[in-house]
Amino acid sequence: MSRYNFRESEAKWQQRWRERQTFTAQHDPTRAKYYVLEMFPYPSGKLHVGHVRNYTMGDLVARYRRARGYNVLHPMGWDAFGLPAENAAIAGGIHPAIWTAENIATMRAQLQRMGFAYDWSREIATCHPEYYRHEQKMFLDFLAKGLAYRKESWVNWDPVDHTVLANEQVIEGRGWRTGALVEKRLLAQWNLRITKYSDELLDALKSLDRWPERVRLMQEHWIGRSEGARVKWALSDGKTAIEVFTTRPDTLYGAAFLALSPHHPFSQELAKTNPALAEFIAECDRIGTSEEAIETAEKRGYDTDVEAIHPLDKTRRVPVYIANFVLMEYGTGAIFGCPAHDQRDLDFARKYKLPVIPVVLPPEADPKSFAIDDIAYVDDGTIFNSSFLNGLSVADAKRTVGERLEASGTGERTIAYRLRDWGVSRQRYWGCPIPIIHCADCGIVPVPESDLPVKLPDDVEFDAPGNPLDRHPTWKHVACPRCGKPAMRETDTFDTFFESSWYFARFCSARAPVAFERDAAQYWMPVDQYIGGVEHAVLHLLYSRFFMRALKECGYLDLEEPFAGLFTQGMVCHQTYQNAEGEWLFPEEVTSDPAGRMIDATGRPVVAGRLEKMSKSKKNVVGLDDIVDTYGADTARLYLLSDSPPERDLEWTDTGIEGIWRYVNRLWRLVSEPVVALPPVGTAIPADLSPELAAIRRATHKMIAAVTDDIDKFRFNRAVARIRELSNALEGITGGNDAAGAVMREGLETVTRLLGPMMPHLAEEMWQHLGHGDMLADVAWPQADAALARDEQVTIAVQVNGKLRATLDLPRDAAVNEVEEAALALPQVARLLDGKTPRKVVVVPNRIVSVVA
RNA sequence: GCGGACGUGGCGAAACGGUAGACGCAACGGACUUAAAAUCCGUUCUCCGCAAGGGGGUGAGGGUUCGAGUCCCUCCGUCCGCACCA
């Protein structure tokens, strides 16, 4: 009994594909294209099996589409800028460029060993100047169009590392690496005007019908469109007016206070002459912007002693507070509080003893007795206590008050978005330099296009915290391009999401001297099937949609949506182990004591933790090289496809991969030691087959149709199950006659072709073994013969009063009355009917008879 | 708090509103073997029954339907996203 020699076979076929450039994509407008892309990896070191699930899915789609006759583009590249490279430089003294290049070499070799059908001639790495020079140009074009601008904004600042931190990098108010208390700082940052497209980005979500509903919803919420009104409140000082944003202008007569963000210009102004207020604001800033901090922070206000005049009733005045819960970034940075109809406002009013005036009356409530206790009333009702709005519904009142505000010039109906502009400045070395020069006389001066790219200097030191570019002795000192006097380069670099916002379009013409060759982009874009993790739902996937629009505005491309189809795959999980201290342990560190309890090396108890996503920190990764060495790439690939639905998490188990390995060998034996002699390639199948062989043939053609449909719908686990069903059936073929051989050959060739996109090396090997001289990679996808797939005999279920009582084997498409007669004649049915006529009989052709007694 | 997804054997999972548990993992029994591995055959939702057969079963409860794992309502639980958003 032979075993499949995956080592020899996989190397052999990978070499053939490479030699023949099987997967090199050619621009050919006469052919229908299909662009398959997996989110490109960050070259962090070595791949583990959890990394390759989405590449395996992408490869299946790419090879399947190729077999279906499409001109397929399936490229691969490296998201090569980022913090881990710098951290490695700090920790290990290796230059980020070298660390990155080494990791790319390792990971490229790993992907090649997996046999993925990439067009390697289009490989890109975002850290190369040939790549990032184009985004420097894009940035200058954005600047010229007003899509990029510099603005002071409040950021999380790590005082030890001297860098801005993203909200995700702030844990319990402290920097994730340094543990230092994070400060809020007002810092000049480059921003991209993504908010210009808020409405477009929101509306176009509807057109993305091949995106998961979940991702569309997440983007919708992230953009966060709310209709409301801006309302101007004059202050008692007679000079200032505060504009507030509200979604509930109908409750304006219930106003009890105004609350301003600590960062509101008026707050800052007051603080200049009011030390107590200045201290209050400083305290608010210390709390930080982490979720944790926000959740635990008490709602606090500072009474300014200033009063605001009600815009609809000049005789009414409300106090003006500075409050820690009002965000400068949303709306106008100021709100009016209506305690009766907003829970947070109510809590605030109770705390500071402010009046609570109900203005929305719940249905059937008594206006004389209705009062608010601890719960604000936020539902619909009838407006009362509100002058000209009395008696209106909430919706009508919103419209009426809006009109009144607009007529009186004290406000206007407007729309607020949650989405904020994208701050792209990072105080880091390993990123794309921002092509800007700061001149004392000329101000901000763009680097002239002829001077691009602005390359990163190689000679940098990582011995001190902060940005090495800033400390570099010469790099940042340049002559101002405008006046020629000494000036300074911008030393911030771009957020690495900048690079990933356009790489997919670069693949269309990866070696072009310009960012995009129009013809190529026109032909290949958009990406037909994008595959990646859901963690990018509102980051990369939103930024990229924005980028396409911005690039269109700047004349680069003529496209809005980059990804026509999106699939978000589940993670690969694996067993974890933790000791009593909560420290993660490698599986090999866990042993058991004589009583069978799990212990670590020092004898302390260990608990088998829950399944977690494979990650180095949880010590539960399974190395890809180990698996490919032991079982081969195809076995790993099939396991990643077979065990769980692609969108759900997959549990990696040793027994699971063993099971696939056994199946691989069964398949191999099926073709290498066939139990039935196979006729030559192309031998016709006799028309008159035994019922057993006819059934096998029918199964073969049914499977072609079913597997094709499954792959189209991303139900890969079911496709695998069906292929196994077919191969199980083929194992059952007996008898040495020619008909059996012919049916066996058809079945084996079908299994081989269906497996091609999943286990390409084994399938090539099987194809060759079956006597074919061509490469399976060049063979078309099989076609199901509908006539052959049709059942001649069907099994019909018979229910009596909703319970299954019998089954009935009848010819396909038997007449309804015959089916009914046959069902009623069944002894099980007759017994239950007890001689009575059924009240009703429902016959669903070829499926079921439902008898109601 | 808001939004979304999910809940089916010991486990991963299948099931156009139409025979619940395909396919696999694990377990058990058997064959082959001096033995093991590998391989092959069989059994495995549950209860009653020797069997033939029958009862029950898709988180809980209700509804629609000839028929519900699937659709609707209420509840319970798990997971995910957003969150002082005015």
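Bear in mind the structure is a predicted one, so any value in this text is a computation, not a measurement. Throughout, protein chains are lettered first and strands after them, A, B, ... in sequence-line order, and every chain is numbered starting at 1.
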Without decimals, in angstroms, what is the distance between [X] [atom1] and [N] [atom2]?
X: A:Asn324; N: B:A86; atom1: CG; atom2: P; result: 17 Å
X: A:Asn665; N: B:A38; atom1: CG; atom2: P; result: 12 Å
X: A:Leu833; N: B:C66; atom1: CG; atom2: C1'; result: 13 Å
X: A:His536; N: B:C80; atom1: NE2; atom2: P; result: 18 Å
X: A:Lys299; N: B:A86; atom1: NZ; atom2: C1'; result: 13 Å
X: A:Trp233; N: B:A86; atom1: CH2; atom2: P; result: 18 Å
X: A:Asp342; N: B:A86; atom1: CG; atom2: P; result: 9 Å
X: A:Phe245; N: B:C84; atom1: CZ; atom2: C1'; result: 16 Å

If we call it a pair only when both distances are under 3.5 Å in a Watson-Crick or G-U wobble match, what pairs with [N]?
N: B:G77; value: B:C6
N: B:G67; value: none
N: B:A14; value: none
N: B:A20; value: none
N: B:C40; value: B:G30
N: B:C82; value: B:G1

Exercise for the section: Report which part of the nucleic acid A:Thr807 touches: base, sugar-phosphate, or nothing (heavy-atom distance under 4.0 Å, all strands). Expected result: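 Answer is base: heavy atoms of A:Thr807 come under 4.0 Å of a base.
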
What residues from [range] pass a heavy-atom cutoff of under 4.0 Å to RNA chain B?
range: residues 567-575 of chain A; result: none
range: residues 698-712 of chain A; result: none
range: residues 325-339 of chain A; result: A:Phe325, A:Val326, A:Leu327, A:Tyr330, A:Ile335

Exercise for the section: Take A:Ser727 and A:Tyr663 through the side-chain hydrogen bond (donor to acceptor under 3.5 Å, both in side chains) test and state the conclusion after the steps. Expected result: CA-CA 10 Å; A:Ser727 63; A:Tyr663 180 58; 2.8 Å; yes

Problem - Nearest atoms (heavy-atom pairs only) where A:Arg3 meets A:Trp661 - result: NH1-NE1, 3.5 Å

Problem - Sequence-aligned protein contact record of nucleotides 2-13 of chain B, with B where the base is within under 4.0 Å of a protein heavy atom and S where only the sugar-phosphate is - result: -SS-------SS

Practice task
List the protein contact pattern of nucleotides 54-59 of chain B with one symbol per nucleotide (5' to 3'): B for base contact, S for sugar-phosphate-only contact, - for none; contact means a heavy-atom distance under 4.0 Å.
Solution key: SSS---

Fill in the blank from the handout: Regarding B:G9, purine or pyrimidine glycosidic angle vs 90° from 0 gives syn

With respect to the phosphate group of [N], does any side-chain polar atom (N or O) of [X] fall under 4.0 Å of OP1 or OP2?
X: A:Arg418; N: B:A86; result: no
X: A:Arg724; N: B:A22; result: no
X: A:Arg715; N: B:C16; result: no

Confirm from the modelled atom types if [X] and [N] form a donor-acceptor pair under 3.5 Å, side chain to base only.
X: A:Lys840; N: B:C66; answer: no
X: A:Arg420; N: B:C85; answer: yes
X: A:Ser850; N: B:C66; answer: yes

Handout entry: Nearest-neighbour nucleotide for the A:Trp222 side chain, B:A26, B:A83, B:G18 considered
Key =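 So the nucleotide nearest the side chain must be B:A83.
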
Practice task
Looking only at side-chain atoms of A:Ala721, point me to the closest of B:C23, B:G81, B:A26.
Solution key: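 Taking heavy atoms from C-beta onward, the closest nucleotide is B:C23.
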
Problem - From CA spacing to verdict: salt bridge (Lys or Arg N to Asp or Glu O under 4.0 Å), A:Asp250, A:Arg399 - result: CA-CA 8 Å; A:Asp250 53 302; A:Arg399 193 180 55 249; over 6 Å; no

Handout entry: Ion pair A:Lys613/A:Asp649, N-O distance below 4.0 Å
Key = no

Side chains of residues 843-853 of chain A: which donor-acceptor pairs under 3.5 Å do they make with residues two or more places apart or in other chains?
{"unit_1": "A:Asn846", "atom_1": "OD1", "unit_2": "A:Asp813", "atom_2": "N", "d": "2.8"}
{"unit_1": "A:Asn846", "atom_1": "ND2", "unit_2": "A:Asp813", "atom_2": "OD1", "d": "2.8"}

Exercise for the section: Name the orientation class of the two ring planes belonging to A:Phe6 and A:Tyr4 (parallel below 30°, tilted from 30 to 60°, perpendicular beyond 60°). Expected result: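 Correct class here is tilted.
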
Practice task
Say whether A:Gln219 and A:Arg545, considering side chains only, have a donor N or O and an acceptor N or O under 3.5 Å apart.
Solution key: yes

